[in-house]
Amino acid sequence: MRVADVPGLPTGVAEYFEGEGIEELYPPQGEAVEKGVTEGANLVASVPTASGKTLVAQLAMLSAIAEDDGDGGFEFGGDGTALYIVPLRALAGEKAAEFEAFERFGLSVGVSTGNYESDGSRLSDNDIVVATSEKVDSLVRNGAGWIDDLSCVVADEVHLVDDDHRGPTLEVTLAKLRQRVSDLQVVALSATIGNADELADWLDAELVDSDWRPIDLRTGVHYGEALHYDDGTQAELSVGSGSQTAAVVADTLKDEGSTLVFVNSRRNAEASARRLSDVTGGTLSPDERERLADVAEEIRGVSDTETSDDLADAVAKGAAFHHAGLAREHRELVEEAFRDRLVKVVSATPTLAAGVNTPSRRVVVRDWQRYDGTAGGMQPLDVLEVHQMFGRAGRPGLDPYGEAVLLANSHDELEELFDRYVYADPEPVRSKLAAEPALRTHVLAAIATGFTTTEDNLHEFLGETLYATQTDDPGRLKSVTRDVLVYLDRNGFVERDGGALRATATGHLVSQLYVDPMSAATIIDGLRDAARAASGGADGTDSGEPEGFQPASEMRAENDLPEDASVDPSPLGLYHLVSRTPDMYELYLRSGDREQYTELAYEREDELLGSTPREEAAEFEDWLSALKTAKLMEDWASELDEDRIAERYDVGPGDIRGKVETAEWLLNAAERLAGELDVAAATAVREARKRVEYGVREELLDLAGVRDVGRKRARRLFNAGVETRADLRNADKSLVLGAVRGREATAERILENVGHPDPGMDGVDADADATPDPDSGSAGASENQANLGDFS
DNA sequence: TGGCCCTAGATATAGACAGCATGTC
DNA sequence: CTATATCTAGGGCCA
């Protein structure tokens with residue numbers, strides 16, 4: 001089918017695509033149009049990656065937001081909005097950039113995720129909005145009215161409804177949108193899966209299920225001296241003295257192609273990149289070498305950690321690793337250099353299989369098993385997951401074909417890999433909704449938004465989910481829902497009156513804050529325990545389970561006692577509290593840690609909130625790893641250097657930033673909950689939050705709030721005698737210049753930001769006393785070593 | 001006695017969304 | 001219960 005023949009498209013759209021060189025639709029795209037995507041039909045498209053899903057979504061959205069001009073044609077200008085749901089924040093920007101071409105039609109594109117909101121007034125003014133599923137859920141919970149104007153919603157990577165943790169959010173959000181907005185067109189884009197027909201049934205949608213791809217994908221397994229392809233052919237590829245992976249990479253390099261290597265752990269990714277850099281290093285042109293050196297320096301500048309240095313070293317030689325321990329900027333630099341063909345090999349954990357578009361001539365799935373503690377050992381990867389990795393092979397328009405290979409080291413394994421992954425179909429997608437954590441949060445949200453007002457109502461709504469269409473045990477959902485209602489009731493989040501359901505004020509707040517109700521219960525319990533200790537009530541060792549707390553009114557009476565600031569909860573206590581929450585991803589407790597943190601628990605016992613589990617208890621392990629996480633945050637908020645934290649906790653810069661971000665978010669929730677419940681701790685919570693946010697000690701909070709002044713600059717200014725914003729406003733300019741290592745532009749910007757009467761730096765010399773000695777690290781760090789060195 | 005190499009045993013294991021109000025070195 | 005790469009301690013060897 002030709003673009004010009006697509007029905008329902010507004011004026012100018014077909015011409016635009018033709019101008020972009022798209023005249024003929026790919027077969028699956030044509031099928032989607034024939035089934036009515038541009039005329040309002042719901043559609044599930046289960047097709048391989050890079051086979052043109054995005055165009056289907058674009059055609060659907062553009063036709064959905066246009067209006068019938070009453071004359072057989074369609075024009076933009078209606079008030080409908082299209083929503084594009086992405087699975088990752090990083091993908092939101094990528095998609096929005098693709099849609100920005102439509103601004104030529106007078107359309108506006110907005111992005112909304114937890115950490116980024118496109119500027120421009122309101123989301124409701126946009127014609128196309130790109131958001132994560134959680135953000136959409138949150139927008140609905142917070143009563144965004146423009147949701148009712150939606151005419152089309154696109155769910156990208158909809159097979160993720162299978163994900164234990166995040167799948168239910170996508171599922172519930174789609175169900176909710178469909179129920180709330182009448183005539184909403186739903187377009188669900190999925191990888192090729194086993195049961196796309198079930199998804200189509202659930203969404204009352206037409207189905208396009210196809211294996212067609214625009215460029216050929218050859219898959220195979222390497223064993224011995226040959227690559228065995230899925231079509232039965234073989235190609236010689238001898239290994240020699242190095243590893244199988246190195247041989248494949250070298251072979252690809254002969255064709256000037258690049259390789260993406262998937263491995264099963266961060267460590268393996270780093271080790272593999274180091275080894276492969278010996279393969280790539282010798283093949284670089286002088287120009288490439290030079291440009292790679294620049295990228296390497298940029299990478300080094302992102303963070304002071306060893307991880308950062310190791311990555312830079314590898315990149316300088318044309319190889320890289322990629323995993324979630326890297327900072328976001330690290331990942332972006334690696335992805336960009338790989339797309340630019342500068343970096344020839346990337347060894348990655350599955351982060352890269354699901355993330356932004358990083359196609360490669362060849363993909364090697366080196367490890368097809370992964371450690372899974374809950375299963376007691378190594379588990380084979382899902383077929384779907386391996387196929388997603390395969391799907392990164394081949395750059396449309398650049399490569400004649402892509403190649404994806406697994407590695408076998410025995411003949412048996414060769415055959416097993418063919419059966420298991422090359423010839424196998426992906427497993428069916430199954431809803432994970434009937435799990436308590438998922439229902440806890442979504443049931444509360446449904447009640448709090450007034451979406452469901454009775455228990456029958458609730459079951460009716462849950463009956464509209466994918467889970468309900470798939471299960472052969474409908475009683476299960478009901479019984480878990482009943483348990484969840486009991487839990488929400490006992491914790492004071494909902495009230496039940498016969499069959500009627502109503503959220504309490506706290507319940508509303510919890511739903512809006514988007515925290516797991518169990519997190520909220522844990523936080524509330526901890527804050528009340530702190531208040532009890534502060535008011536001289538119970539001694540805090542017997543605070544009871546989260547379910548068992550007393551109503552807020554009874555607590556207020558106790559708080560009438562004179563306050564003693566010294567018994568405010570400490571930052572460590574608060575960090576521990578939020579770390580115990582199911583919303584915080586725990587640090588792994590390593591050997592030796594148990595002893596070390598048990599000791600710390602005794603030392604700092606009176607700072608820790610709530611009851612301490614007995615050492616023999618099963619939950620003690622979790623409680624300790626939360627303490628380890630809390631200690632990391634305390635170190636960060638005590639200005640310990642990033643590299644020392646990375647070393648001490650054996651984490652990467654990305655982990656540190658991730659923990660800090662989550663802590664900040666949960667402490668904000670804690671602050672709001674403290675306010676709502678009238679627990680006195682709100683001020684202490686705010687200060688603890690600001691300290692993790694800025695990564696500074698108490699005395700720097702004022703300075704670090706100034707724009708362009710972070711933990712390091714604030715510490716240098718402070719040590720130079722500039723202790724507050726007021727000091728900074730009237731500071732000796734040479735001191736400030738010294739504290740930023742003589743960078744005039746930076747010094748001027750800072751002084752401008754703080755409102756200095758004359759920020760100009762002309763003729764000012766840096767004060768040598770304020771300039772840190774580059775050899776001994778920052779001024780703050782050397783001080784910290786004395787204070788914190790006792791804990792190592 | 002000290003340095004080096006080798007081997008056997010021990011060790012550790014992927015990912016990442018949300019609120020709110022503005023900005024690191 | 002399953003695997004595997006890396007790290008670490010300890011022994012053997014040599015100067």
Side-chain angles (χ1 to χ4, degrees), chain A residues 86-90 92 112-117 119 131-139 141-142 160 163-166 169-170 243 262-272 274-275 301-304 322-325 327-329 348-355 366-373 375-381 385 409 441 509 512-516 519 583-585 588-592 642 650 654-655 657-659 661-662 664-672 689 693-695 704-714 716 739-741 743 746 749-750 753 778:
Chain A
V86 289
L88 295 169
R89 298 199 288 221
S112 181
T113 69
N115 64 345
Y116 180 80
E117 187 95 24
D119 29 69
T132 55
S133 38
E134 285 78 8
K135 188 64 188 194
V136 175
D137 188 19
S138 170
L139 288 166
R141 291 187 191 190
N142 286 286
L160 291 172
D163 183 280
D164 286 307
H165 185 57
R166 298 183 52 209
T169 305
L170 177 57
S243 68
F262 285 105
V263 299
N264 64 1
S265 74
R266 294 177 179 192
R267 240 169 35 160
N268 284 339
E270 296 185 16
S272 164
R274 195 186 325 120
R275 275 197 311 268
V302 169
S303 125
D304 296 329
H322 190 287
H323 59 64
R328 192 178 35 79
E329 303 92 308
T349 56
T351 15
L352 214 56
R366 196 195 73 175
D367 303 331
W368 56 279
Q369 300 192 88
R370 182 166 52 222
Y371 181 86
D372 178 358
M378 299 305 278
Q379 289 293 121
L381 301 186
E385 207 175 346
N409 45 35
T441 184
L509 181 61
Q512 282 174 13
L513 290 170
Y514 211 83
V515 293
D516 183 331
S519 297
D583 279 305
M584 180 73 76
Y585 196 79
Y588 193 87
L589 217 50
R590 315 163 80 80
S591 76
E642 200 182 16
D650 196 20
D655 299 300
R657 294 170 198 201
K659 288 278 170 298
E661 191 183 317
T662 309
E664 207 185 308
W665 168 59
L666 285 170
L667 286 167
N668 173 263
E671 191 183 331
R672 297 279 302 274
R689 173 174 63 75
E693 183 182 345
Y694 301 139
V706 176
R707 188 179 175 144
D708 287 331
V709 178
R711 63 197 309 242
K712 298 191 177 177
R713 288 174 183 170
R716 279 188 240 123
V740 295
R741 306 172 190 229
R743 305 224 173 114
T746 308
R749 226 171 33 242
I750 290 170
N753 294 337
S778 73

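These numbers were taken from a predicted model, which means no experiment stands behind them. We use all heavy atoms of the structure for the numbers below, so side chains are in, but hydrogens, waters and symmetry mates are not. Just so it is clear: chains get the letters A, B, ... in the order the sequence lines come, proteins before strands, and each one is counted from 1.
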* Nearest-Å distance, CG (Leu352(A)) to P (dA14(B))? -> 16 Å
* When we call it a touch if two heavy atoms are under 4.0 Å apart, what does Thr662(A) touch: a base, just sugar-phosphate, or nothing? -> base
* **Whole-Å distance separating the CG atom of Leu381(A) from the P atom of dG15(B)** => 13 Å
* Mate of dG15(B) where both pairing distances stay under 3.5 Å, Watson-Crick or G-U -> none
* Asked: Can you tell which of dA16(B), dC25(B), dG19(B) lies closest to the side chain of Glu664(A)?
  -> dG19(B)
* Asked: Hey, is the side chain of Ser138(A) poking within less than 4.0 Å of OP1 or OP2 on dC17(B), counting only N and O atoms?
  -> no
* Does the ring of Trp665(A) lie flat against the base of dA18(B), closer than 5.5 Å centre to centre with planes under 30°? -> yes
* Asked: Which part of the nucleic acid, if any, lies within reach of Glu385(A) when heavy atoms closer than 4.0 Å are counted: base, sugar-phosphate only, or nothing?
  -> base
* To do: Let me know the distance between CD of Gln512(A) and P of dC17(B), rounded to the nearest Å.
  => 22 Å
* Quickly work out the Arg267(A) CZ to dA3(C) C1' distance and round it to whole Å. => 14 Å
* Given that Glu134(A) and Tyr371(A) both sit by DNA chain B, which one's nearest nucleotide is further toward the 5' end? -> Tyr371(A)
* Asked: Heavy atoms under 4.0 Å, any strand shown: does Asn753(A) hit a base, just sugar-phosphate, or nothing?
  -> nothing
* Using a cut-off of 4.0 Å on non-hydrogen atoms, how would the nucleic acid contact of Ala271(A) be classed: base, sugar-phosphate, or nothing? -> sugar-phosphate
* Asked: Out of curiosity, His323(A) NE2 to Thr351(A) OG1, how far, rounded to the nearest 0.5 Å?
  -> 8.0 Å
* Asked: Checking all strands, does Asp372(A) fall into the base, sugar-phosphate, or nothing category for heavy-atom contacts under 4.0 angstrom?
  -> nothing
* To do: Identify whether any heavy atom of Val709(A) sits under 4.0 Å from a base atom; if not, whether one sits that close to sugar-phosphate; answer base, sugar-phosphate or nothing.
  => sugar-phosphate
* To do: Grab the CG-C1' distance between Asp367(A) and dT4(C) for me, whole Å please.
  => 8 Å
* **Watson-Crick/G-U partner (both atom distances under 3.5 Å) of dC14(C)** => dG2(B)
* Asked: Taking all non-hydrogen atoms of both residues, which atom of Val302(A) and which atom of Ala327(A) are closest, and how far apart?
  -> CG1-CB, 4.0 Å
* Just name whichever nucleotide pairs with dT7(B), Watson-Crick or G-U, keeping both distances under 3.5 Å, else none. => dA9(C)
* Scan Arg711(A) against the nucleic acid and name what it touches under 4.0 Å (heavy atoms): base, sugar-phosphate only, or nothing. => sugar-phosphate
* Asked: dC20(B) C1' sits how many Å from Glu117(A) CD, rounded?
  -> 10 Å
* To do: Assign Val706(A) to base, sugar-phosphate, or nothing according to its heavy-atom contacts below 4.0 angstrom with the strands shown.
  => sugar-phosphate
* Reckon Tyr514(A) touches a base, only the sugar-phosphate, or nothing at all at heavy-atom distances under 4.0 Å? -> sugar-phosphate
* To do: Answer with base, sugar-phosphate or nothing: what part of the nucleic acid does His323(A) contact at a heavy-atom distance below 4.0 Å?
  => sugar-phosphate
* Asked: Do the side chains of Asp304(A) and Lys712(A) get nearer than 4.5 Å, heavy atoms only?
  -> yes
* Does Lys659(A) place a side-chain N or O at less than 4.0 Å from the phosphate oxygens OP1/OP2 of dA16(B)? -> no
* By nearest nucleotide on DNA chain B, pick out whichever of Tyr116(A) and His322(A) is the more 5' one. => His322(A)
* **Pair Asp137(A), Tyr514(A): side-chain N/O donor-acceptor within cut-off below 3.5 Å** => yes
* Asked: Taking the same atom, C1', in dA3(C) and in dA14(B), what whole-Å distance lies between them?
  -> 16 Å
* To do: Would you classify Leu88(A) as touching base, sugar-phosphate or nothing, given that sugar-phosphate means primed atoms plus P, OP1 and OP2, and contacts are heavy atoms under 4.0 Å?
  => sugar-phosphate
* Asked: Looking across every strand, which nucleic acid part, if any, lies under 4.0 Å from Asn668(A) by heavy atom: base, sugar-phosphate, or nothing?
  -> base
* Asked: Is the phosphate of dC17(B), meaning OP1 or OP2, less than 4.0 Å from a side-chain N or O of Arg89(A)?
  -> yes
* Taking atom CZ of Arg713(A) and atom CZ of Arg741(A), what is their separation to the nearest 0.5 Å? -> 9.5 Å
* Reckon Gly377(A) touches a base, only the sugar-phosphate, or nothing at all at heavy-atom distances under 4.0 Å? -> base
* Tell me whether the OP1 or OP2 atom of dG15(B) has a side-chain N or O from Thr349(A) closer than 4.0 Å. => yes
* Side-chain N,O (Arg266(A)) to OP1/OP2 (dG15(B)) below 4.0 Å -> yes
* Taking only side-chain nitrogens and oxygens of Arg590(A), does any of them come within less than 4.0 Å of OP1 or OP2 of dT13(B)? -> yes
* Paired with dT2(C): which nucleotide, if any, by Watson-Crick or G-U wobble criteria at under 3.5 Å for both distances? -> none
* Nearest-Å distance, CZ (Arg749(A)) to P (dG23(B))? -> 13 Å
* Nearest to side-chain heavy atoms of Arg713(A), which nucleotide of dC25(B), dA3(C), dA16(B) -> dC25(B)
* Asked: Are Thr441(A) and Arg141(A) linked by a side-chain donor-acceptor pair shorter than 3.5 Å?
  -> yes
* Rounded to the nearest Å, what distance is computed from the CG atom of residue Asp164(A) to the C1' atom of nucleotide dC17(B)? -> 15 Å
* Are Arg672(A) and dC20(B) close enough that a side-chain N or O sits under 4.0 Å from OP1 or OP2? -> yes
* Structure fact -> Taken to the nearest 0.5 Å, the spacing of Arg749(A) CZ from Arg743(A) CZ works out to 10.5 Å
* Asked: Quick one: CG on Leu139(A) to CD on Glu134(A), what's the gap to the nearest 0.5 Å?
  -> 11.5 Å
* Asked: Looking only at side-chain N and O atoms, does Arg275(A) come under 4.0 Å of OP1 or OP2 in dT6(C)?
  -> yes
